[in-house]
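Structure first, commentary second.
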Number of protein chains: 2
Amino acid sequence: MKKINIVIADDEELFRKGIRFLLEREPNFNIIYEVENGKKLIDYISKTEEFPDIILMDLKMPEINGVEATKVIHKTHPDIKIIALTSFGSKSFITNMIDVGASSYLLKDTTPKMVIHTINEVSEKGFYYDEKVLTIIHENIISSSGKRIKSDLDKKLLSKREIDVLELICAQHTTTEIAEKLFISPRTVEGHRNNLLLKTQSKNVAGLVIYGIQKKLIEITPDFNL
Amino acid sequence: MKKINIVIADDEELFRKGIRFLLEREPNFNIIYEVENGKKLIDYISKTEEFPDIILMDLKMPEINGVEATKVIHKTHPDIKIIALTSFGSKSFITNMIDVGASSYLLKDTTPKMVIHTINEVSEKGFYYDEKVLTIIHENIISSSGKRIKSDLDKKLLSKREIDVLELICAQHTTTEIAEKLFISPRTVEGHRNNLLLKTQSKNVAGLVIYGIQKKLIEITPDFNL
DNA sequence: ATTAAACTAGGTATAAACACCTGATTTTCA
DNA sequence: TGAAAATCAGGTGTTTATACCTAGTTTAAT
């Protein structure tokens, strides 16, 4: 029987070891490598002589994340099938991963059986999506037909001034305060804020703060408990 | 040899299964139960006849999280040793867990060996902290000596209801919307929000959102650029 | 040189947030 | 059982944020 060569990419050692033991119980699986970030994974793939058939790829990894790593590896080695295995289940992540070349998407809240099944299916047929993910993809196809505007808005990057204002909003300043700091009229600040709300599709400042932190436009200290 | 009875509490099935296989290789470990949230864990502990010696507790769980579950279980069953096993490594979380009764704190980015070692140590001596965590605790003791005022304010933990409100504020809901969702008067929500502003020393919702994210009371999915 | 975008700023309104009160239940815990 | 904390909710008023407009000036790029 031809064994399936597998690489595991995840930043949590415990998770790697755990899933490794799970998969090693399958006689036709062969775990050939474990790696804790995307950079090392790309390095490994570019140098190895023994290419994996499957990469189990976490999204959240230091240095280079799973999406970037998938993009690179899929371009240079399209034969290697990549299965996203992560705890993030939002539409954007799933479609994003599939866009950049993932052959499957599994939520960590799945069963060992499903992981094994997915690996076998991807190995045989080249792709596999479970029901949850299929539903999400389906919804996305439907909604993407009528809502080009939304993604267009996403593409519109924030201007310098808007970022200035966003930073000050996140620093808990009011419109008047921001106006004083930037030497402009409060009305202008309001204008910028309204544009920010539009561009980030937020409802209020709470949304802006979350956007800023997500996009790392704003730095927050992980812990300020003195 | 007396076996150590272990319960695993984590919302990710894959992680539970993985660590279960890792631990089952140890002859003196006996995994007696797996559970995916704090509510079910508390239920189980209150009904079972076979008490665990050790609970491996994740912090991020639906329904009732690891901190709350630890608080309850430590109070009702102080003999059960609880080991926090999570990916959150911030000071506040560590000290918080120890405050509510955790006997140890492990980051998921650790080795299987360390988990096994920790379980054995906790089982024998009642507690165990690795170097990383000890350093953090130490830093915390040092800094807390001179800054009583601040830490007193920090000690004022948010109440359940306040956390409910904070979550909804971070989800960009208005006072009226929150009131409807929680089936209380908008005035009450305002009261909670004002208490939140006081307790977190914030100026406005921006500060609340940042606080929620810092303390990981709110989950935000990181952004993996498009 | 022309055009698009960014930056600026004003008018007019309403909705929401924030401040500072008070006080009545209920829960929790020593 | 008694005190403290949490939860609920109301009054009154000010400040900010948000919505929907218009429109002039500057800046950057083709």
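To find a chain, count down the sequence lines: A is the first, B the second, and so on, and within it residues start at 1. Computed from a predicted structure; not experimentally measured.
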Check residues 6-14 of chain B and write down every donor-acceptor pair under 3.5 Å in which the side-chain atom is one partner and the other belongs to a residue at least two apart or another chain.
{"unit_1": "D10(B)", "atom_1": "OD1", "unit_2": "E12(B)", "atom_2": "N", "d": "2.9"}
{"unit_1": "D10(B)", "atom_1": "OD2", "unit_2": "K108(B)", "atom_2": "NZ", "d": "2.9"}
{"unit_1": "D11(B)", "atom_1": "OD2", "unit_2": "K60(B)", "atom_2": "NZ", "d": "3.1"}

Please table the atom pairs, donor to acceptor, closer than 3.5 Å between any side-chain atom in residues 76-83 of chain B and protein atoms at least two apart or in another chain.
{"unit_1": "T76(B)", "atom_1": "OG1", "unit_2": "V72(B)", "atom_2": "O", "d": "3.1"}
{"unit_1": "T76(B)", "atom_1": "OG1", "unit_2": "I73(B)", "atom_2": "O", "d": "3.4"}

[X] [atom1] - [N] [atom2] separation (whole Å):
X: L208(B); N: dC18(C); atom1: CG; atom2: C1'; value: 11 Å
X: N195(A); N: dC21(D); atom1: CG; atom2: P; value: 14 Å
X: L196(B); N: dT7(D); atom1: CG; atom2: P; value: 10 Å

Contact class for N204(B) (heavy atom, under 4.0 Å): base, sugar-phosphate, or nothing? sugar-phosphate

Taking side chain to side chain contact (heavy atoms under 4.5 Å, CB included) as the test, write out the residues that go with [X], two or more places apart.
X: V100(A); result: V67(A), T70(A), K71(A), M97(A)
X: E177(A); result: H173(A), T174(A), K203(B)
X: D43(B); result: K47(B)
X: S159(A); result: R161(A), E162(A)

Near DNA chain C, counting only heavy atoms under 4.0 Å, which residues of residues 159-170 of chain B show up? none

Atom pairs and distances, side-chain donor-acceptor, residues 185-198 of chain B, under 3.5 Å, sequence neighbours left out:
{"unit_1": "S185(B)", "atom_1": "OG", "unit_2": "R187(B)", "atom_2": "N", "d": "2.9"}
{"unit_1": "R193(B)", "atom_1": "NH1", "unit_2": "T175(B)", "atom_2": "OG1", "d": "2.8"}
{"unit_1": "N194(B)", "atom_1": "ND2", "unit_2": "E190(B)", "atom_2": "O", "d": "3.4"}
{"unit_1": "N195(B)", "atom_1": "ND2", "unit_2": "G191(B)", "atom_2": "O", "d": "3.4"}

Between its two end axes (five pairs each) the helix from dT2(C)-dA29(D) to dA30(C)-dT1(D) turns, nearest 10 degrees, through 70°

Applying ring-ring contact (aromatic ring centres under 6.0 Å, His included), name anything that partners Y128(B), two or more places apart in sequence or on another chain. H117(B)

Using distance only, find each side-chain donor-acceptor pair of residues 50-58 of chain B under 3.5 Å and give its atom names and separation, not counting sequence neighbours.
{"unit_1": "D53(B)", "atom_1": "OD2", "unit_2": "N5(B)", "atom_2": "N", "d": "2.7"}

Which of residues 171-194 of chain B have a heavy atom under 4.0 Å from DNA chain D? I184(B), S185(B), R187(B), T188(B), H192(B)

